[in-house]
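Read through the structure below, which is laid out as structure tokens, and then see the notes.
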Amino acid sequence: MRDNGVVSETPPPALAAAVDLARAAAVETAGDAAVVGEHLAAVSDDTGDPARGEVLTHSFASTLPGYVGWYWAVTIARATGEETVTVDEVVLLPGERALLAPAWVPWHERLRPGDLSVGDVLPSTEDDPRLVPTYTVDDDAADDPEARVVAREIGLGRERVMSHEGRSDALARWNDGDFGPRSPMARQAPGPCGTCGFFLPLAGTLRAALGACGNAYAPADGRVVTVDYGCGAHSQASLVAQDTTEVVNTARYDTADFDLL
Ligand code: SF4
């Protein structure tokens, strides 16, 4: 019941008998005698410190609405050589069968894709592993307005960019998603996006693995697709059909080991 002492198997008689004192303290704290129930136990702490004297905790069932399984813990004490028993503290604690709220989780760990609504603001944390600082926030450049202007003009003005981990996560997510090579659409496609005239490759290190679909008739129009995704609106679909009736249903690009650096 207490973690700052050793539970004694032989409670001090004076403290063990002070049930009424402990109950009165619990009632005073609760503000209502009706919510302090039956006496449950008396557990003493052998502090091993003669100067602290004797310490014991009485517990009473809680009948507070909404606190099923909780109990009032009233710790009382008596100094060495003294007759007077005093009340140390009164707390309401959860018992073994208490109904407890789930552990608190920070909001940024609770959020799930799709939770963001119009008008919501979702700031990334300073230690977001998906982002890394660029050179513009180092000690010299961060305070230099001219360096910031120049960096912005040549396209390096962002203070943070996606980290290797962030890009790897995005690639894996999109690879496993509706516009990746294992989707039903891709399995029945006449050809992969990488050979399609409507495929718009991304800039940067993911260029060889990802792009956007620019075909208004394709389900992926305006979406990021992997080079080995594909759909029936492939620009060469009719040409492929003339050459062969074989359905292309295997991945032609291996994005799993793609080097992001
Ligand atoms: S039209 Fe189909 S195959 Fe072509 S880029 Fe778009 S999704 Fe890929």
Side-chain angles (χ1 to χ4, degrees), residues 1-113 115-117 120-133 137-139 142-143 160 163 165-166 169:
M1 183 176 296
R2 292 175 62 84
D3 58 7
N4 60 345
V6 178
V7 174
S8 168
E9 295 184 357
T10 55
L15 298 186
V19 176
D20 291 344
L21 172 72
R23 177 180 291 280
V27 170
E28 182 181 349
T29 299
D32 183 358
V35 299
V36 180
E38 62 176 320
H39 184 244
L40 299 175
V43 179
S44 65
D45 291 354
D46 180 357
T47 64
D49 179 6
R52 195 179 169 205
E54 301 168 334
V55 180
L56 179 141
T57 299
H58 285 287
S59 56
F60 302 88
S62 165
T63 55
L64 271 173
Y67 286 84
V68 176
W70 289 59
Y71 65 92
W72 298 98
V74 183
T75 300
I76 57 178
R78 187 174 71 161
T80 303
E82 297 287 334
E83 292 295 322
T84 307
V85 176
T86 57
V87 176
D88 268 6
E89 63 177 2
V90 181
V91 289
L92 184 61
L93 297 174
E96 289 181 0
R97 286 181 288 179
L99 187 62
L100 298 176
W104 183 78
V105 179
W107 63 268
H108 56 85
E109 293 179 21
R110 258 180 282 142
L111 281 173
R112 291 290 174 267
D115 284 352
L116 196 68
S117 303
D120 289 347
V121 176
L122 177 57
S124 58
T125 57
E126 283 296 318
D127 58 352
D128 190 329
R130 299 170 303 168
L131 296 167
V132 288
V137 292
D138 68 22
D139 290 341
D143 298 328
R160 290 193 288 177
S163 63
E165 180 178 344
D169 286 350

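Numbers here are sequence positions counted from 1. Keep in mind it's a predicted model, so treat the numbers as computed, not measured.
Note that CD of Glu54 and CD1 of Ile76 are 10.0 Å apart. Values are rounded to the nearest 0.5 Å. Separation of atoms CG (Leu92) and CG (Leu64) is listed at 6.0 Å; rounding is to 0.5 Å. A distance of 8.5 Å separates OH of Tyr67 from OG of Ser62, quoted to the nearest 0.5 Å. For the atom pair Asp115 CG and Leu111 CG, the distance stands at 5.5 Å (nearest 0.5 Å). Rounded to the nearest 0.5 angstrom, Thr84 OG1 and Arg78 CZ are separated by 9.0 Å.
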(message) I'd like to know whether Val87 forms a side-chain contact (heavy atoms from CB on, under 4.5 Å) with Val74, so could you lay out the CA-CA distance, the side-chain angles of the two residues, the decisive distance to 0.1 Å, and finally the verdict.
(response) CA-CA 7 Å; Val87 176; Val74 183; 4.2 Å; yes

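Judged by distance alone, with hydrogens and angles left aside, the side-chain atoms of Ser163 form a donor-acceptor pair with the main-chain N or O of Pro129 at under 3.5 Å. Checking side-chain atoms of His39 against main-chain N and O of Ala41 turns up a donor-acceptor pair under 3.5 Å.
Heavy-atom neighbours of Glu96 CD from other residues, nucleotides or ligands within 6.0 Å: at or below the threshold of 12. For Arg97, the CZ atom counts as loosely surrounded, since its 6.0 Å shell holds 12 or fewer non-hydrogen atoms of other residues, nucleotides or ligands. Within 6.0 Å of CG on Leu100 lie more than 12 heavy atoms contributed by other residues, nucleotides or ligands.
Side chains of Val68 and Leu99 form no contact here, defined as non-hydrogen atoms less than 4.5 Å apart. With contacts defined as side-chain heavy-atom distances shorter than 4.5 Å, the pair Val43/Leu56 does not qualify.
For Trp107 against Pro123, the heavy-atom pair with the smallest separation is CH2-O, 3.5 Å. Of all non-hydrogen atoms in Arg110 and Val105, the two that sit nearest each other are NE-O, 2.6 Å.
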Donor-acceptor contacts under 3.5 Å from residues 13-32 side chains, at least two apart:
residue, atom, partner, partner atom, Å
Arg23, NH1, Val36, O, 3.3
Arg23, NH1, Gly37, O, 3.1
Arg23, NH2, Gly37, O, 3.0
Thr29, OG1, Ala25, O, 3.1
Asp32, OD1, Ala34, N, 3.0

